[in-house]
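Here the structure is laid out as structure tokens; the discussion comes afterwards.
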Number of protein chains: 2
Amino acid sequence: MNNKVSIKDIARIANVSVATVSNVINQTGRVSANTINKVNKIIQEQQFVPSASARNLKNKNSHLIAVVVPFLEKGILQDNPFYWELVRGVENGARNHEVQVILLGTNEDEDFSFVKQRDLDGLIVVGTFGHSSALQKVMEMGVPCVFLDSYLSSPDLYQVNLDDEAGGYLGTKHLIGLGHKTIAALTGKLEEGGVNYFRYQGYLRALQECGISSDPELVIEEFSSIQGGYQAAQKIGSSKSRISAVFAFSDVSAMGLIRGLHDIGLSVPTDLSVIGFDDIFYTQFMIPSLTTIRQDVLSKGQTAVNMLLDQINGTVSSTRNVTIPVSLTVRQSTIPYSKKV
Amino acid sequence: MNNKVSIKDIARIANVSVATVSNVINQTGRVSANTINKVNKIIQEQQFVPSASARNLKNKNSHLIAVVVPFLEKGILQDNPFYWELVRGVENGARNHEVQVILLGTNEDEDFSFVKQRDLDGLIVVGTFGHSSALQKVMEMGVPCVFLDSYLSSPDLYQVNLDDEAGGYLGTKHLIGLGHKTIAALTGKLEEGGVNYFRYQGYLRALQECGISSDPELVIEEFSSIQGGYQAAQKIGSSKSRISAVFAFSDVSAMGLIRGLHDIGLSVPTDLSVIGFDDIFYTQFMIPSLTTIRQDVLSKGQTAVNMLLDQINGTVSSTRNVTIPVSLTVRQSTIPYSKKV
DNA sequence: TCAATTTGATTAAACGTTACATCACTGTAA
DNA sequence: TTACAGTGATGTAACGTTTAATCAAATTGA
């Protein structure tokens, strides 16, 4: 029943050769207007659609890219809507270029053979795994690739990253501007050259610029998740330092933090000011709504796809490194130090 | 440079025929242990991986399924992490069966020709579009298909749905049990046979059972989004009825609602009890944490994949309709009517 | 010992395309 | 007139697999 109609059938019905039909489909311009019409009409009638695999087999491109989200099944970051937004951006961008997107949640020991197997046009890799063996494997494939939020050192890799340093700086400056001096940083895992690392650098720069000495005591490396934030609250509550503000390096950890503080009798912003990072959608509906560093995640995804497709089509020798700007969004969770009760 | 090694190369090097290599790969059992070893060794050495498109071309299956999320670009439900969790469940389930997942955010007038084009093994369709032309097209394809949260009436379609009626009942009963009598329902768009419709039915059943007459005045059909919830707060605040509790038919709308109430000077749970639906991850970290109807979204996605793959492989003539149970999770946002201030 | 069977391997056609080489015309320039 | 270019079409090899049809050799049974 599912015997699909092929280019041969079209050729037979139209009384032309398969080559001609192929030429019509691919608009090579080597066909007369008459036959083009004739063939197209029959294609319509028969609801013919060319087989992707046959094409792929000949052309060695699949019009398929994969977006690799390493932590999909690890549960660490799964609940950060931020990543989904990224994926959405990718899907969105791809859709405009008639390629389709394979979604791939990998574990660290993924073997990536599917790239060769499926003749993928390209790969978008989300999240740092700079030092993992996976990266190595991907590179060996020699397939076009764009790294999103990965902060890899090699300058010849295509990357889209956020201006995290600026974000860290901006947020810290905001707090200092409000009169806070003892500002904790809820950094998340702080690995050299990672997202949080850069945000931390910005934090340090702001402090230094304002003559505030940084105190390692104030750096909390709890996981950058909602639970991590929740747990960090304990540490802050029992800290010897008189912390008056916290810079959480992700909105989700800020959420957990605020809730955690609440549970030990500290409320935001009256007892402590809190600023987040990412500006995920919920932040404006939280109580209190969250001051945060905003990034345009959707366009981040789209930018990545565009870079990838340029690379695939060899269109433009585009820049290999795009840094997405950040901005500060002030809401209710941060108030002047003086207004503290 | 990217001249990949094919089955022919392997055959040549191993000094056997391509058929033999193919037999080794597919473990047809028609090959001697000796040659199996010999060939496998060379396959390893050459890092050979069989071309998916060539296989596909022969076998007419792509080991590819698509998960269709209709509102990906519509923005209506994009911010409900619930849907992403569903997608994650699908990816997760698929991964265990060595098929890969194409992510597809469609608009209503999607033509679905890619199904034929790519020889997709199957389709998982998320979200209601029962009366759209898209459904019609999908059905015509004759491709295995599972509908997730789609509530279609045809009994011969494969569907995975939530026991929404029970959820609506359970939540309402909970509120009634706490002594509430004037219970508003923040239903979202209330179309016959849709998710919210069933939840609403459950709501009505609980009321009736307890001898409370339902009041159309108390039904708020605001969009089931965070903004929708926010806007609903106004209506509730200005309602003539003395509403003491609200059943929001999604957690995100509950979030928006609580924030909205807060902004007009009503706080939860002291002024109003609020119960949500879905149990998305954030709910437990909200202030107050949200009482809600819990569903296991991840397993929902996985169930759908499993059904789909059973259908594809013709494994079991499984049941076509799976209803996922719900349960009540009580947290801080609902309190006894008597304790109201 | 010889026929019958089993085991292990090969040949070649097919899947649905694309693209190169070829060809039959029609017209045009010398 | 002949040569030549241009136009529009065709024939066919190739892409990398799978699989049915064969086949040769080894093993078995009587």
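Because only heavy atoms are used, hydrogens play no part in the values below, and waters and symmetry mates are left out as well, while side chains stay in. Chain A is the first sequence line, chain B the second, and so forth, proteins listed ahead of strands; every chain is numbered from 1.
- Place B:K60 and B:T35 on DNA chain C by their nearest nucleotides, and B:T35 ends up nearer the 5' end.
- For the OP1/OP2 pair of C:dT18 and a distance below 4.0 Å, the side-chain nitrogens and oxygens of A:R55 include at least one atom meeting the criterion.
- In the set D:dT17, C:dA19, C:dT11, C:dA19 carries the atom at the smallest distance from any side-chain atom of A:A19.
- One finds the CG atom of B:D149 at 6.5 Å from the CD atom of B:Q295 (value rounded to the nearest 0.5 Å).
- Note: CG (A:N23) to C1' (D:dA9) measures 9 Å, nearest angstrom.
- B:R30 has its CZ atom 18 Å from the P atom of D:dC23, to the nearest Å.
- To the nearest angstrom, C1' of C:dT11 lies 13 Å from NZ of B:K8.
- Mapping B:T28 and A:V18 onto DNA chain D by nearest heavy atom places A:V18 at the nucleotide closer to the 5' end.
- Between the side chains of B:S62 and B:N56, not a single donor N or O lies within less than 3.5 Å of an accepting N or O.
- Nucleic acid contact for A:T20: base, since at least one base atom lies under 4.0 Å from a heavy atom of the residue.
- Enclosure of atom CD in B:Q47 is not indicated, since only 12 or fewer non-hydrogen atoms of other residues, nucleotides or ligands lie within 6.0 angstrom.
- Other residues, nucleotides and ligands contribute over 12 non-hydrogen atoms within 6.0 Å of the NZ atom of A:K38.
- Between the P atom of C:dG16 and the CG atom of B:N56 lies a distance of 11 Å, rounded to the nearest Å.
- OP1 or OP2 of D:dT18 lies within a sub-4.0 Å distance of a side-chain N or O belonging to B:N26.
- Dashed line: the shortest gap from a side-chain N or O of B:S51 to OP1 or OP2 of D:dT17 is not under 4.0 Å.
- Across all strands shown, A:V49 has heavy atoms under 4.0 Å from sugar-phosphate atoms exclusively, and none from any base.
- The closest side-chain heavy-atom distance from A:F48 to A:I7 is below 4.5 Å.
- Atom C1' of nucleotide C:dC15 and atom NZ of A:K4 are separated by 11 Å, given to the nearest angstrom.
- Rounded to an integer number of Å, the gap from CD1 of A:I25 to C1' of C:dA19 is 14 Å.
- In this structure, the CG atom of A:N59 is 6 Å from the C1' atom of C:dT18, given to the nearest Å.
- Rounded to whole Å, atom C1' of C:dG16 lies 13 Å from atom CD of B:Q117.
- With hydrogens and angles ignored, no donor-acceptor pair under 3.5 angstrom links the side chain of B:K58 to the base of D:dT17.
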